[in-house]
Number of protein chains: 2
Amino acid sequence: MNKSKTKFVILGLLSEEALTGYEIKKIVDMRFGFFWNESYGQLYPELKRLAQKELISASKPKEGSARGKTRYFITQKGISALEIWLSEPVETESVRLEILLKMYFSNGIKPEIMKKHITEFSISHQKQLDMLNMFQQQLLSVEDLHSNHGDILSVIDFGQKVYKAYIDWCEETTIYLESRDEK
Amino acid sequence: MNKSKTKFVILGLLSEEALTGYEIKKIVDMRFGFFWNESYGQLYPELKRLAQKELISASKPKEGSARGKTRYFITQKGISALEIWLSEPVETESVRLEILLKMYFSNGIKPEIMKKHITEFSISHQKQLDMLNMFQQQLLSVEDLHSNHGDILSVIDFGQKVYKAYIDWCEETTIYLESRDEK
DNA sequence: CGGCGCATGTAACTTGTTACATGATTCC
DNA sequence: GGAATCATGTAACAAGTTACATGCGCCG
């Protein structure tokens, strides 16, 4: 049983270009931030395991130095493993939204508290939405006949749609809480 | 450091009515399914810990029997703990959507495969949306001047908005993949 | 040469899932 | 009495986070 997806994050990114563990982490944080995350504690051990299983290969430059950048490349075996995973059914995601838990139980507390939580939730997602919009613009401006960013733009579009839904809900719910407030 | 929220799920539900561990699990599965989940492996030990800390109290009927239903009640101490948590800032959620990971890396595979994934994703969320709609109707029909389901209806509304966004994205992305297909 | 960002790594820990064992109750 | 479902519980495992240790390389 290997349920962790870290493996495929690595293989997927390496299928585009050779990277170090540090670079993988940076890309996941910046590009996947709104739908995925990985920690060093998962990444580095997994890189070693994948190298050992020859799904990726390591290039260790600077002979003789104790530590140095290790850049990883995907192997043919790794590409196959990635393709197999891509073809397998998507596993149902498990989301945990603390804000809904609090909303569900908020009967006992003052509406202003919940209103504040929702305002903060809205602001933080508005920020993330702004970042997605910027990233989208960036990709669109670079686009030409040869580059194919379609898939990435689709992923961004998902985030935009969902975050808009979040923000709409926040607005609506704030109004509801204000009406409850008046009682 | 106690980051687990299981504790508050229990306290929140017990603040409405006394329940057994089994009943809590059922409620979480049915009512919170779209934004939360708990397993017995978390629930039962946590119930014991909370009872030991006197945030809840257990009623063990049927003296002399090896096993029997244990119904739990929230205590004043438990109510306070719940209220404190409700007032604390909401922690930023971490979502993991495998479908976006696959979409991001789908360049290498045939568009039909991704299209199939998206169709399945759409169908399963349409089903969940139908269930939310039903639950909403149920609550609205029962509603009278005395019952206050507003907070629960807000939570349902969140699910409806987000799932609609999911399904919209699926439609749009299917069309995009079909256009890519034609090349 | 001091600080900062790049870079790798891991040990200790917490969190969460799964599979299984067991008993109680209900309904046919 | 047998099947299904209600109900409790836990051991073994898998997954994921955090905090820390270490060293490199560049810039002012």
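Just so it is clear, the values below take in all heavy atoms, side chains as well, and ignore hydrogens, waters and symmetry mates. Residue numbers begin at 1 in each chain, while the letters A, B, ... track the order of the sequences.
Distances shorter than 4.0 Å separate some side-chain N or O of A/K48 from OP1 or OP2 on C/dT10. Residue B/R96 places at least one side-chain N or O under 4.0 Å from the OP1 or OP2 atom of D/dG16. Side-chain N/O atoms of B/S39 include none lying less than 4.0 angstrom from OP1 or OP2 on C/dG16. Applying the 4.0 Å criterion to OP1 and OP2 of C/dA7, one finds that A/K69 has a side-chain N or O inside that range. OP1 or OP2 of C/dG16 has not a single side-chain nitrogen or oxygen of A/K3 nearer than 4.0 Å. Within the 4.0 Å cut-off from OP1 or OP2 of D/dT17, at least one side-chain nitrogen or oxygen of A/Q42 is found. For C/dC6, neither phosphate oxygen OP1 nor OP2 lies less than 4.0 angstrom from any side-chain nitrogen or oxygen of A/T20. OP1 or OP2 of D/dT17 lies within a sub-4.0 Å distance of a side-chain N or O belonging to A/N37. One finds a side-chain N or O of A/S4 lying less than 4.0 angstrom from the OP1 or OP2 phosphate oxygen of D/dG16. Not one side-chain nitrogen or oxygen of A/K26 sits closer than 4.0 Å to the OP1 or OP2 atom of C/dC6.
A parallel orientation is assigned to the rings of A/Y22 and A/Y40, their planes being inclined by less than 30° (bins at 30° and 60°). Taking the six-membered ring for Trp and thresholds of 30 and 60 degrees, A/F121 and A/H125 have ring planes inclined between 30 and 60 degrees apart.
Among pairs with a residue in residues 78-91 of chain A, those fulfilling salt bridge (Lys or Arg N to Asp or Glu O under 4.0 Å) read A/K5-A/E91, at least two apart in sequence or across chains.
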side-chain contact (heavy atoms from CB on, under 4.5 Å) between A/Y176 and B/S154: does it pass, once the steps are laid out?
CA-CA 9 Å; A/Y176 157 70; B/S154 287; 3.6 Å; yes
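Computed from coordinates, the B/D29 CG to D/dA7 C1' distance equals 14 Å when rounded to whole Å.
Only at 4.0 angstrom or more do the heavy atoms of residues 9-17 of chain A sit from any atom of DNA chain C, so none qualifies.
Heavy-atom minimum distance, A/F105 versus B/L86: O-CD1, 3.6 Å.
Looking at B/R49 and B/E46, a side-chain N of the basic residue comes within less than 4.0 Å of a carboxylate O on the acidic one, giving a salt bridge.
With hydrogens and angles ignored, the 3.5 Å screen pairs a side-chain donor or acceptor of A/E23 with a backbone N or O of A/T20.
Nearest-nucleotide mapping onto DNA chain D: of B/Y44 and A/K5, the residue sitting toward the 5' end is B/Y44. Toward the 5' end of DNA chain D, the nearer of the two residues A/Y40 and B/E23, judged by each one's closest nucleotide, is B/E23.
When distances run from any side-chain atom of B/Y22 to the nucleotides C/dT18, D/dC6, C/dT15, the shortest one goes to D/dC6.
Residue contacts shown for A/G41 include a base, since a base heavy atom lies under 4.0 Å away.
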